[in-house]
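A short write-up of the structure that comes next.
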Number of protein chains: 4
Amino acid sequence: MAKRQPGRPFSTEITTDLLEAAERAMERGGYSNLTVDTLVREAGTTRATFYRRFTGASHLAFEVLAAKFGDVGDTDTGSLLGDLTEVQRADVQMLSSQLMRNNLAGLLEAMRTDDQVRELFTERFLAPRRESIRLAVDRAAERGELGAVPGIDIEELRDLMIGPIIARILLPTGGGFDAEFAERTAETAHRHALAAVGIATPEPA
Amino acid sequence: MAKRQPGRPFSTEITTDLLEAAERAMERGGYSNLTVDTLVREAGTTRATFYRRFTGASHLAFEVLAAKFGDVGDTDTGSLLGDLTEVQRADVQMLSSQLMRNNLAGLLEAMRTDDQVRELFTERFLAPRRESIRLAVDRAAERGELGAVPGIDIEELRDLMIGPIIARILLPTGGGFDAEFAERTAETAHRHALAAVGIATPEPA
Amino acid sequence: MAKRQPGRPFSTEITTDLLEAAERAMERGGYSNLTVDTLVREAGTTRATFYRRFTGASHLAFEVLAAKFGDVGDTDTGSLLGDLTEVQRADVQMLSSQLMRNNLAGLLEAMRTDDQVRELFTERFLAPRRESIRLAVDRAAERGELGAVPGIDIEELRDLMIGPIIARILLPTGGGFDAEFAERTAETAHRHALAAVGIATPEPA
Amino acid sequence: MAKRQPGRPFSTEITTDLLEAAERAMERGGYSNLTVDTLVREAGTTRATFYRRFTGASHLAFEVLAAKFGDVGDTDTGSLLGDLTEVQRADVQMLSSQLMRNNLAGLLEAMRTDDQVRELFTERFLAPRRESIRLAVDRAAERGELGAVPGIDIEELRDLMIGPIIARILLPTGGGFDAEFAERTAETAHRHALAAVGIATPEPA
DNA sequence: GTATAACCGAGACGGTACGTCAGGTCTTGAT
DNA sequence: ATCAAGACCTGACGTACCGTCTCGGTTATAC
């Protein structure tokens, strides 16, 4: 029954002020410019109050992203290629946003050090996306699209899909994303999956 | 003839001491622990001396990586798939090293802000690797392996190859690299290239 | 009512530690050896904490002297000569201290540059001493010792009294102060004042 | 016969360039702004070359003043008061110059630490001025103006004369020097000397 | 209603790093 | 041996963040 804690509860207004201030800073300057001092000043509060809610700037940054992109839907389109394309479209949209472009590298570095942020990220971002792919593959197997599921490394499929998007965002030369980028890379991942179970790729679309 | 410039020359010993100190720190703690103070302390020199050589810790970190992984060879194996596999093998080896695992995210974030580091990185890391792929594709086109070169986006091909490696390194859940990872991803990139020019993929290897 | 200001108050212990450290350094090495780094190290605190209290080393040095010599009493002995002698005795005692010998020149140089230190010095050291002399002259005028006050330049009288003491301290050849130095120079200043209003000097004492 | 040193001799041009650069800097910013770096840059030479000529900035500063004010003439006006007035006029002129106002305090502080500068200053500035006063007193004694010379402390007389000038320069509130300042203070010193040998002061001028 | 527990603003605090400046010395090549 | 150039070590500068703390004052529940 989630018992009420004694004492004065957190002011929700301050929390949202901080989240908004962080989002603005992340949109503008990006991760390197996120300092607790600046955030609390802009949110009109103080360091101590900040640290009651978050363990540090990286934690808050993560929460901003989680609020924006935390929930992934799972759509059953009826075919593996269709499902993978859906997943890829959602990820391209998420990762190509200014918020991600400016902060992904910084957060990935923060994860290396900070266990808490790493766990949160894994749980809220990585796991759901991996699950979407696993479900798509399972459904394909049930439909008989794939001979044998065990031959497919879900993790590898995921990296094959999200990797090119990340590369395009993080590497300086990376251009934009044209309308068919998601389709092309999803097809390639699809071929990869088929090849893994020994099925020759059908006619290219 | 590289004329001698006037004045006392840089002490090469100090330079190598700094590079070595940086490499140790990068191997151990990774990018976040790279501070100018710590480096000069360990190298037995001073901040001012450091700043005569490097613009900051990120610049030095880049130089360490450039010294280790700067030069890429170009091997002509006689087939596009063979060439791409060579490229991929080299990149897997480079990126899976502890040095890269611990520092790639930090450097990518540094690049967002620091123009100089971004240019150096682009010039010394990105451009040569892109060039390797371009040469492989050009040779394949000459051999008639590919119908029309213009249909192939070199940049996209590069992202399709390096992306999965990066994802595996930077994302917390990323496992290791088994012996055939390079082969599999190179094959997938190869299929992607063929599909781009409308050629059906041959029998999977 | 001296309302309490918000926030954590300054630690008085740190303040006194700094003042004591400064006094020791001023006594030992003198002004040139006063560095913020050394002071905070000896007081066991940090630069930032120092700068919350003082604008710089010269400010702190001034505060040390102000605490020691800040307040001057005003004694009415009944005669101008007596009053001037009292003032002179106090100034000889103050300026002949090791603290002043070692730091006066440095502080005078600091004053040239730093407006704040100049103002503090003027207000807390110069003004009160000038006032003592002015009061003595006013009382003498009321008693009829001096014909007309306006004829006396208080500033000049002050310089005539404090000047010789300063010269003796700052100039390298300056010897010590014998017991009658204050009396002799006060008499001379007295004669100067009388001469300024056209009164012949009486018998030398 | 002042044997010629082996090797290349000092460039006199550099020496004068340095002296001139120093004078400009002393006139403008004053002692605190005298840095070896700035001086050699402005003189178009280098630190090493500077240190072959001078032991430090304070040494050079002293040389500038010595070149300007080093030699004092000795005039015999026929009376003690006349001679003292001459001395005082010269000192007022010297000390009231911008060059002295901006650098005296700094040099006095430098003297406290640097033995060499102290010796140079004593020898070239203090000793000659003391000697002028001593000669004036000796002549007065020969003329019978003073009963007995031994009763007069030359050092004290010097401090009584130069002290007020110094006070007026160094103390922040010190005003300017009107035309009769030298006369008035010389008279006062004269009275002091007479009093010291027990002679009543004559009618004020 | 009145404890009590936790919040909140303000800002000091020790720690660590930043990038710069000045001092005085040393190394290189040239005169 | 001087000179220009500039690296080098030492040590100090004033500032920025970090995460914690100490104040005085303010809510919300819980007794």
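Quick note on labels: first sequence line is chain A, next is B, and so on, each numbered from 1. In what follows, every heavy atom counts, from backbone to side chain, and hydrogens, waters and symmetry copies are set aside.
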What is the distance, rounded to the nearest whole Å, between atom [atom1] of [X] and atom [atom2] of [N]?
| X | N | atom1 | atom2 | result |
| --- | --- | --- | --- | --- |
| N33(C) | dG11(F) | CG | P | 13 Å |
| E13(D) | dC3(F) | CD | P | 11 Å |
| F50(A) | dG9(E) | CZ | C1' | 16 Å |
| R53(D) | dA1(F) | CZ | P | 16 Å |
| L39(D) | dG24(E) | CG | C1' | 15 Å |
| D17(D) | dC3(F) | CG | C1' | 14 Å |

| Is there a side-chain polar atom (N or O) of T45(C) under 4.0 Å from OP1 or OP2 of dC13(E)? |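 No, no such contact exists.
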| Quick one: is dT27(E) close enough that its OP1 or OP2 comes under 4.0 Å of any side-chain N or O from S11(B)? |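 Looking at the OP1 and OP2 atoms of dT27(E), neither is under 4.0 Å from any side-chain N or O of S11(B).
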Which heavy atom of [X] sits nearest to which heavy atom of [Y], and what is that distance?
| X | Y | answer |
| --- | --- | --- |
| L34(C) | A61(C) | CD1-CB, 3.7 Å |
| N103(B) | Y31(B) | OD1-N, 2.9 Å |
| L39(C) | L60(C) | CD1-CD2, 3.7 Å |
| M26(B) | L99(B) | CB-CD1, 3.8 Å |

| Do we see a donor-acceptor contact under 3.5 Å between the side chains of T38(C) and R41(C)? |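 Short answer, no.
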| task | Establish, from distance only, whether the side-chain atoms of T12(C) and T15(C) form a donor-acceptor pair under 3.5 Å. | result |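 Note: T12(C) and T15(C) side chains miss the donor-acceptor criterion.
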| task | Using heavy atoms to find the nearest nucleotide of DNA chain F for T46(B) and G7(B) separately, return the residue whose nucleotide is more 5′. | result |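 Taking each residue's closest nucleotide, the earlier one in sequence belongs to G7(B).
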| Earlier contact from the 5' end, DNA chain E, for I14(A) and P6(B) |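 By nearest-heavy-atom nucleotide position, the 5'-most residue is I14(A).
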| said: Check this for me: does any side-chain nitrogen of one of E20(A) and K68(A) sit under 4.0 Å from a carboxylate oxygen of the other? | reply: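 Between K68(A) and E20(A) there is no salt bridge, as every charged N stays at least 4.0 Å from the carboxylate O atoms.
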| query | How about F62(C) and F125(C): are their ring centres within less than 6.0 Å of each other? | reply |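 That pair passes the under 6.0 Å test.
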| said: Is it the case that dA1(F) (base atoms only) and R8(D) (side chain only) share a donor and an acceptor within less than 3.5 Å, ignoring hydrogens and angles? | reply: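 Result: no qualifying N/O pair found.
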| query | How far does the helix from dG1(E)-dC31(F) to dT31(E)-dA1(F) bend, going by the axes of its first and last five pairs, to the nearest 10°? | reply |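 Between the axes fitted at each end of the helix from dG1(E)-dC31(F) to dT31(E)-dA1(F) lies an angle of 20°.
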| request: Could you name each residue pair satisfying salt bridge (charged side-chain N to carboxylate O under 4.0 Å, His left out) that touches residues 103-116 of chain B, not counting sequence neighbours? | output: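 Every pair satisfying salt bridge (charged side-chain N to carboxylate O under 4.0 Å, His left out) with a residue in residues 103-116 of chain B: E109(B)-R112(B), D115(B)-R118(B).
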List every contact pair, protein side and nucleotides 13-18 of chain F side both N or O, where the distance is under 3.5 Å.
{"unit_1": "dC13(F)", "atom_1": "OP1", "unit_2": "V36(C)", "atom_2": "N", "d": "2.9"}
{"unit_1": "dC13(F)", "atom_1": "OP2", "unit_2": "V36(C)", "atom_2": "N", "d": "3.1"}
{"unit_1": "dC13(F)", "atom_1": "OP2", "unit_2": "D37(C)", "atom_2": "N", "d": "2.8"}
{"unit_1": "dG14(F)", "atom_1": "OP2", "unit_2": "Y51(C)", "atom_2": "OH", "d": "2.1"}
{"unit_1": "dG14(F)", "atom_1": "O5'", "unit_2": "Y51(C)", "atom_2": "OH", "d": "3.3"}
{"unit_1": "dG14(F)", "atom_1": "N7", "unit_2": "R47(C)", "atom_2": "NE", "d": "3.2"}
{"unit_1": "dG14(F)", "atom_1": "O6", "unit_2": "R47(C)", "atom_2": "NE", "d": "3.4"}
{"unit_1": "dG14(F)", "atom_1": "O6", "unit_2": "R47(C)", "atom_2": "NH2", "d": "3.1"}
{"unit_1": "dC18(F)", "atom_1": "OP1", "unit_2": "V36(A)", "atom_2": "N", "d": "3.3"}
{"unit_1": "dC18(F)", "atom_1": "OP2", "unit_2": "V36(A)", "atom_2": "N", "d": "2.9"}
{"unit_1": "dC18(F)", "atom_1": "OP2", "unit_2": "D37(A)", "atom_2": "N", "d": "3.2"}

| field | Candidate nucleotides dC8(F), dC13(E), dC8(E), ranked by approach to the side chain of F10(C) - the nearest | value |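 Shortest atom-to-atom distance from the side chain points to dC13(E).
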